[in-house]
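Computed from a prediction, not measured in an experiment: that's the story for all the values here. Just so we're on the same page: letters track the sequence lines, and every chain starts at 1.
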Amino acid sequence: MSKFFVTTPIYYVNDAPHIGHAYTTILADVLGRYHRAAGDEVFFLTGLDEHGQKVKQAAEKRGATPQAHCDDLVPRFLNLWKRLDIRYDDFVRTTQERHKKIVQLVLQKVHENGDIYTDEYEGWYSVAEERFITEAEYESGQFRDVKKLKEKNYFFKMSKYQHRLIEYIEQHPDFIRPEHRKNEMLGFLRQPLGDLCISRPKARMDWGIEIPFDRDYVTYVWFDALVNYISIPGYGSDEEKFKKWWPADVHLIGKDILTTHSIYWTTMLFSLGLPLPGTIFAHGWWLIGETKMSKSLGNVVNPLDLINTYGVDAVRYYLMREMVLGLDANFTPDSFIKCFNSDLANDFGNLLNRVSGLIQKNHGGKIPEPGAVTEHESLIQMNANVLPGSVKLLISQFKVQEALMETLLFVQSLNKYMEIQAPWKLAKTDMKAANRVLYTAAEGLRIATIMLAPVMPEKTAAVLSILGAEDTKPVWGQLRPGTPLKSHPPLFPRIEVEKA
RNA sequence: CGCGGGGUGGAGCAGCCCGGUAGCUCACCAGGCUCAUAACCUGGGGGUCGCAGGUUCAAAUCCUGCCCCCGCAACCA
């Protein structure tokens with residue numbers, strides 16, 4: 001038994017949660033649940049990023065304080081995670097005192113290490129983007145609200161750690177994944193690395209965490225948001241807890257924030273003298289049809305709509321099953337329905353109906369005795385006993401999609417087994433054989449169900465309850481003969497679409 | 001010549017590192033079964049593996065050149 005510490009990014013409160021947020025969070029939840037099932041102790045951290053200019057502006061627009069504004073928006077995320085069955089262990093808000101004081105501690109330490117200095121910068125500043133833009137960007141004319149600004153700010157000596165970071169990435173092949181993202185970062189690091197501006201004068205933007213050694217400034221996103229990964233597991237406040245959990249096993253992120261994590265964050269950790277996370281895993285984006293999801297295109301998919309239409313488990317399954325690790329995936333209602341019907345309705349749900357229907361009809365609704373097994377049953381048993389190991393291995397490599405395919409393959413083999421053995425015929429001639437087949441199918445189904453539980457917690461709990469097998473382990477033979485089956489409606493009723 | 005990834009049956013992907021019958025899921029066609037959610041099972045059609053050369057007994061796989069698509073190049077999961 002070991003520990004597993006998984007994080008999602010902390011999401012910016014101003015965005016309404018969309019399918020991308022839901023995906024990352026479900027992925028973290030699924031990994032966490034698989035690890036828990038395997039006996040690991042899990043810490044799953046997610047949360048919200050509440051500081052910054054945009055929050056302040058939005059609050060002012062409503063005539064509210066930034067804090068009140070955030071407080072109002074937080075439930076949108078919390079409710080969605082609840083609806084999505086997200087079992088996080090802690091939920092950080094960057095405005096919480098427990099986080100803010102650690103951010104200040106971190107700044108102080110990095111400062112004492114000599115990695116923070118001040119510099120004056122003059123350039124074009126985009127109010128909309130909250131950042132200085134380059135001369136080339138200014139000339140492109142694509143930025144509105146631009147003004148010339150000269151400002152003193154604090155900088156973090158990121159450049160100091162460039163060489164060390166390159167070495168680290170090269171020596172730890174699993175540090176940045178998938179591999180092409182690692183190459184991307186190494187490519188990025190071939191150019192000289194600049195230092196990182198980490199402050200904002202309060203005069204311009206005061207909705208942030210005060211810099212401990214200069215009260216006229218607040219710190220800016222990176223030293224605020226990223227630090228949540230250590231502030232919450234106890235850095236600077238609970239050494240025992242921190243020692244237990246840090247370094248994180250995996251930071252799950254979208255590909256858009258790869259640089260901030262693999263370069264900014266890691267150099268910050270270098271400066272603090274802390275070990276780096278085991279893996280930074282950058283997944284792809286959900287494209288809507290063929291195009292990127294964007295507010296201006298009006299094609300943002302709201303996860304709540306999906307849940308209302310198809311159910312939580314189906315949404316979780318679809319998102320996990322459809323996205324190949326690291327690549328972009330297309331979301332379309334059509335692909336959702338196909339996935340739902342073929343995997344969940346036809347293969348998995350239908351197997352339950354076949355098995356429970358036959359046991360109901362021919363065996364008085366009680367799990368039959370397995371009796372003496374033949375080679376057919378031995379083969380199923382063997383595959384069932386191998387499955388948990390394969391799934392565990394795939395999950396340790398973040399190959400959730402393949403783990404699901406592996407499990408569904410086993411479900412399909414059970415349907416095939418049923419077809420060949422035809423227990424509905426055997427029931428008329430050889431009841432012992434019929435018993436054996438139905439026990440085997442039901443037991444196989446039980447194990448497949450347990451393997452799917454991290455992805456579909458609700459429906460799999462229902463199946464295990466039907467089988468009278470709550471709290472059983474994925475080991476052959478735990479289904480008890482004589483247990484009465486509960487009656488049930490179809491698990492995943494097929495989605496019928498009118499053909500055009 | 002900025003760096004990197006990729007181009008495999010209608011769709012989405014695997015295989016390429018370590019050359020040797022081109023595989024998976026979905027869709028399509030035919031048959032079987034009829035326990036089940038018109039679901040399940042079997043068989044089948046469909047691919048010059050981006051293009052052109054080279055190495056080799058043998059290339060999707062190695063080498064060279066070219067074409068095309070995509071990602072990254074400091075704040076969208």
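- Residues A:Lys416 and A:Glu419 are not paired through a salt bridge, judged by the lack of any N-O separation under 4.0 Å between the basic side chain and the carboxylate.
- For the pair A:Arg316 and A:Asp85, the salt-bridge criterion is not met [side-chain N within less than 4.0 Å of a carboxylate O].
- Contacts of A:Leu491 with the nucleic acid, taken as non-hydrogen atoms under 4.0 Å apart, include base atoms.
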Should A:Trp286 and A:Tyr318 be marked as a ring-ring contact (aromatic ring centres under 6.0 Å, His included) after you check the CA-CA gap, both sets of side-chain angles, and the distance that decides it?
-> CA-CA 12 Å; A:Trp286 280 94; A:Tyr318 171 77; 5.8 Å; yes
Bracket string, RNA chain B, 5' to 3' - pairs by Watson-Crick or G-U geometry under 3.5 Å, | interstrand = .(((((((.[[[[.)....(..]]]].(((((.......))))).....[[[[[..)....]]]]])))))).....
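- If you check every strand for non-hydrogen atoms under 4.0 Å, A:Ile253 touches sugar and phosphate atoms only.
- Looking at heavy-atom distances under 4.0 Å, A:Pro493 makes contact with a base.
- For B:C33, neither phosphate oxygen OP1 nor OP2 lies less than 4.0 angstrom from any side-chain nitrogen or oxygen of A:Lys425.
- Residues that satisfy the side-chain contact (heavy atoms from CB on, under 4.5 Å) test with A:Asn415, not counting sequence neighbours, are A:Asp347, A:Leu351, A:Arg354, A:Val411.
- For the side chain to side chain contact (heavy atoms under 4.5 Å, CB included) with A:Tyr154, the lone residue among A:Asp195, A:Asp119, A:Ile116 that qualifies is A:Ile116.
- Judged by a 6.0 Å distance limit and a 45° cone about the ring axis, A:Arg177 is not positioned over the six-membered ring of A:Phe398.
- The distance between the ring centers of A:Tyr229 and A:Trp265 falls below 6.0 angstrom.
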With 3.5 Å as the limit, what N/O pairs link the protein to nucleotides 22-25 of chain B?
unit_1, atom_1, unit_2, atom_2, d
B:U25, O2', A:Arg321, NH2, 3.4

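- Listed pair A:Lys416 / B:U42 meets the phosphate criterion, a side-chain N or O lying under 4.0 Å from OP1 or OP2.
- Considering only side-chain N and O atoms, A:Asn346 lies nowhere under 4.0 angstrom from the phosphate OP1 or OP2 of B:U37.
- Using a 4.0 Å heavy-atom cutoff across all strands shown, A:Phe492 reaches at least one base atom of the nucleic acid.
- No hydrogens or angles were tested; on distance alone, nothing pairs the side chain of A:Glu322 with the base of B:G12 as donor and acceptor under 3.5 Å.
- At the heavy-atom level, A:Asn362 lies nowhere under 4.0 Å from the strands shown.
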